[in-house]
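Everything below concerns the one structure shown next.
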There are 2 protein chains.
Amino acid sequence: MKKPPTIRDVAAAAGVSVSVVSRVLNPESGPVAPAKRETVLRVIEELAYRPRAAARELSVGSTPTVGLVVADLANPFFAQLADRIVWEARSHGVQVMVMTTQEDPHLEADSLDTLLDRSVAGVIATPTGANIEKWARLQSMGVDVVFVDRTIPELGNVDVVSIANVDSARRATEYLLSLGHKRIGLISGPVTTSTGRARIEGYQSAHETYSVSMDPQLIRDVPFRGEGGGDAVGSLLALPERPTGLIVANTAQVQSSVRRLIQTGVQIPEDLSVIVFDDNPWTELTTPPLSVLRQPIDMLAVHSLELVLGRMQGKLPSTPRVIEVNADFVPRSSCSPLLLTPSR
Amino acid sequence: MKKPPTIRDVAAAAGVSVSVVSRVLNPESGPVAPAKRETVLRVIEELAYRPRAAARELSVGSTPTVGLVVADLANPFFAQLADRIVWEARSHGVQVMVMTTQEDPHLEADSLDTLLDRSVAGVIATPTGANIEKWARLQSMGVDVVFVDRTIPELGNVDVVSIANVDSARRATEYLLSLGHKRIGLISGPVTTSTGRARIEGYQSAHETYSVSMDPQLIRDVPFRGEGGGDAVGSLLALPERPTGLIVANTAQVQSSVRRLIQTGVQIPEDLSVIVFDDNPWTELTTPPLSVLRQPIDMLAVHSLELVLGRMQGKLPSTPRVIEVNADFVPRSSCSPLLLTPSR
DNA sequence: AACCGGAGTGGAACCGGTTCCACATTTGTA
DNA sequence: TACAAATGTGGAACCGGTTCCACTCCGGTT
């Protein structure tokens, strides 16, 4: 319980001034005679001295730490994203403060305040979509902001890393259309989010390409939280003209949607061809294994971290970067041609 | 990009001394005239002043932050645990620094150093089992340590929160024994970990109770990382005398084990009755839904946080606390009596 | 022989809070 | 009425680093 040594303790033990010790600690900040450097390093070792982060932060004004504001760690997509980002950051010698918003704008606002208090130099976030002025304020304080997976179009000057949402939704839809399906249900995220809108757009675009008319009843936008996916599945299946295909484009609702499908005993793919967004590990453990759009989580993590670090070091041009990575479509056994279904 | 206001700016604008502002910020530290308090609060509001965490930390010496050192966020069990702990901590006004070890003692050591540098007051961890002297050093520096899920028996004076591992494994085993199974495979964690040992112990104890002799070949301890579970499944099924029951007691290996079971086309439960540890959401989406031992993640989170906060406030007796919470056995359709299987 | 420039060093201010202490004012009590 | 106690206030030291600056040695130029 005795207090840890300070830089002055080290200086005294090594018979030099604190300036010298500090210069040994940060080699770029000035010259030190090789002999003294040696001595100082030895003393540091002996005393097991470690500089206190708070002191350095206070005097330097910021800290090589990035905040990670993620919606929900209980969602495997975000959890894996966080895991990769934390891992990647460590290899760059950067700390990560992980915060969760549970999709609640108030909690998001809290998180941003906290990160501001801790003087983080950069933030990687999956924004809820609200708190626009708060994000702007953060930027105006010199904090570099990178959005990942989603974005807020109203906010300029933000780097964004996401999957090609329009294209991904289009490909999934076109795949089902090419199998002959005409009525395809879509469960997407809220239209208030960029991903929700983009995926609906891709869905529509595919219908135009195939000259298939589109029934707006088949599009359901549901919140990220809660069991909305299951309910949407229920009501889609209850339609007089039941869909023969289903795309679950809301990653947070895949579980509840699939659970409902299983509960209601729908035969997949005989009664319903299914594609879900995001390749959670269990999607190939179901019967049948589900066709998925796999989001390249590693790419998202690497790019977002690269961007935020690049900004922090001022190595990037000031124009905002938008990086879109392609998602892989992984066909499995949950889709079949409509032809197989006898007219009902 | 202009610099944020400091406490001295606030003092100047309110026409008081910094001491007064500080006392308004921390009410317990001294009296302030109601009128001045009012003024100061207004000025704080106007200037959008926020105290910088680093300055406070430097002067106070520690910070109301707990470190969370978790093995692997990509594992849903740990991810959910982290989610709950972060959430719970926030409601207590406490920050959480999340770090991951990927089960690597070196990374764990790094994490502990970092947490020490940041002067955290407490740490909640799922230890790898190594770094014993490092943990001890952390404690000797006055950091409160709580282990969750696993422990290191060699380390005294640590609070531990875990599920009743022996009992849980015993119940799972007894359930299969009571269904008439005599040859039950067990895939557990490494015997170097407390959970691994305890679950094997429960498995053995159940065999004694039922006076069923035990074939050591059926016990496989595999690492947490990698695909060991799948391989263990493969080799268990390749035994001349194949097991008719299987318990996967290594939460990190459930996925790879189940994947292998599905790949090899084993009929569950006809050929093999299966119980897995931990109720990941997808365990009821497989065919058939899997019988599971559900770890009460909420309880683990709440208790561990309560313990570490209690210690930090010095409200707990100095004797270490060990809290065991019971896991629920949730029977689903992946187990059936041995009788149903005709002699092969 | 006088001068210049750079390597190496230590002193001290500074970052933005907290807290101790001395002092002034008000209130309560004998 | 006098004096003790409680209340309120500001000054200044302090936490542990970083960094600016002045200063001392050097060797190398003219």
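The chains referred to below are lettered A, B, ... by the order of the sequence lines, with proteins before strands, and numbering in each begins at 1. The basis for the numbers below is simple: all heavy atoms, side chains too, and nothing from hydrogens, waters or symmetry mates.
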Qualifying residues under side-chain contact (heavy atoms from CB on, under 4.5 Å), relative to A:Pro5, sequence neighbours excluded =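 If we apply the side-chain contact (heavy atoms from CB on, under 4.5 Å) test to A:Pro5, skipping adjacent residues, the hits are A:Asp9, A:Leu47, A:Tyr49.
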inquiry  = Going by the rule side-chain contact (heavy atoms from CB on, under 4.5 Å), which residues pair with B:Thr63 if we only count those two or more places apart in sequence or in a different chain?
reply    =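 side-chain contact (heavy atoms from CB on, under 4.5 Å) check on B:Thr63 returns A:Arg118, B:Glu57, B:Thr65.
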Please enumerate all protein N or O atoms sitting under 3.5 Å from an N or O of nucleotides 6-8 of chain C, with distances to 0.1 Å.
none

query = Among pairs that include at least one residue of residues 87-96 of chain A, which meet side-chain hydrogen bond (donor to acceptor under 3.5 Å, both in side chains), considering only residues two or more places apart or in two chains?
reply =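 Listed by first then second residue: A:Arg90-B:Ser111.
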task = Can you tell me which residue pairs pass the side-chain hydrogen bond (donor to acceptor under 3.5 Å, both in side chains) test with a partner in residues 307-324 of chain B, sequence neighbours excluded?
result =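 Every pair satisfying side-chain hydrogen bond (donor to acceptor under 3.5 Å, both in side chains) with a residue in residues 307-324 of chain B: B:Asp159-B:Arg311.
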query = Contact boundaries of DNA chain D with chain A (under 4.0 Å, heavy atoms), 5' to 3'?
reply =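 Listing 5' to 3', DNA chain D meets chain A from D:dG16 to D:dT19.
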task = Give one of base, sugar-phosphate or nothing for B:Ser22, where a contact means two heavy atoms less than 4.0 Å apart.
result =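 Contact class for B:Ser22: base.
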request  = Return the set of residues passing side chain to side chain donor-acceptor pair (under 3.5 Å) with A:Glu103 (not counting sequence neighbours), or none when no residue passes.
outcome  =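 If we apply the side chain to side chain donor-acceptor pair (under 3.5 Å) test to A:Glu103, skipping adjacent residues, the hits are A:Arg150.
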key: side chain to side chain donor-acceptor pair (under 3.5 Å) involving B:Arg50 - partner list, sequence neighbours excluded   =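 Applying side chain to side chain donor-acceptor pair (under 3.5 Å) to B:Arg50 gives A:Asp117.
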ask   = Going by number, which of residues 39-64 of chain B have a non-hydrogen atom under 4.0 Å from DNA chain D?
value =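 Heavy-atom cutoff 4.0 Å gives B:Leu58, B:Ser59.
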ask   = What is the distance from atom CZ of A:Arg52 to atom CG of B:Leu116, rounded to the nearest 0.5 Å?
value =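 Result: 9.5 Å between the selected atoms.
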message = Using modelled atom types and a 3.5 Å cut-off, is there a donor and acceptor pairing between side-chain atoms of B:Ser22 and backbone atoms of B:Ser19?
response =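 It does not hold such a pair.
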message = Check this for me: does any side-chain nitrogen of one of A:Asp72 and A:Arg225 sit under 4.0 Å from a carboxylate oxygen of the other?
response =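 Salt bridge between A:Asp72 and A:Arg225, a charged N being under 4.0 Å from a carboxylate O: yes.
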Look for any protein N or O under 3.5 Å of an N or O in nucleotides 22-29 of chain C and output each such pair with its distance, or none.
none

request  = Assign each of A:Gly30 and B:Thr6 to its nearest nucleotide of DNA chain C by heavy atoms, then name whichever residue's nucleotide is nearer the 5' end.
outcome  =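 So the residue in question is A:Gly30.
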Please report, to 0.1 Å, the donor-acceptor pairs under 3.5 Å made by any side chain of residues 32-44 of chain B, with sequence neighbours excluded.
| residue | atom | partner | partner atom | Å |
| --- | --- | --- | --- | --- |
| B:Thr39 | OG1 | B:Ala35 | O | 2.9 |
| B:Arg42 | NE | B:Glu46 | OE2 | 3.4 |

query = Do other residues, nucleotides or ligands put more than 12 heavy atoms under 6.0 Å from B:Glu45 CD?
reply =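 Not more than 12 within 6.0 Å, no.
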query = Can you tell if the side chain of A:Leu73 reaches within under 4.5 Å of the side chain of A:Val98, non-hydrogen atoms only?
reply =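 In short, these two side chains touch, coming nearer than 4.5 Å.
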message = Both B:Ser19 and A:Asn26 contact DNA chain D. Taking the nearest nucleotide for each, which residue is further toward the 5' end?
response =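 Mapping each residue to its closest nucleotide by heavy atoms, the 5'-most match is B:Ser19.
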ask   = Sequence neighbours excluded, which residues qualify as ring pair (Phe, Tyr, Trp, His ring centres under 6.0 Å) partners of B:Phe147?
value =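 Checked B:Phe147 against ring pair (Phe, Tyr, Trp, His ring centres under 6.0 Å); matches are B:Trp135.
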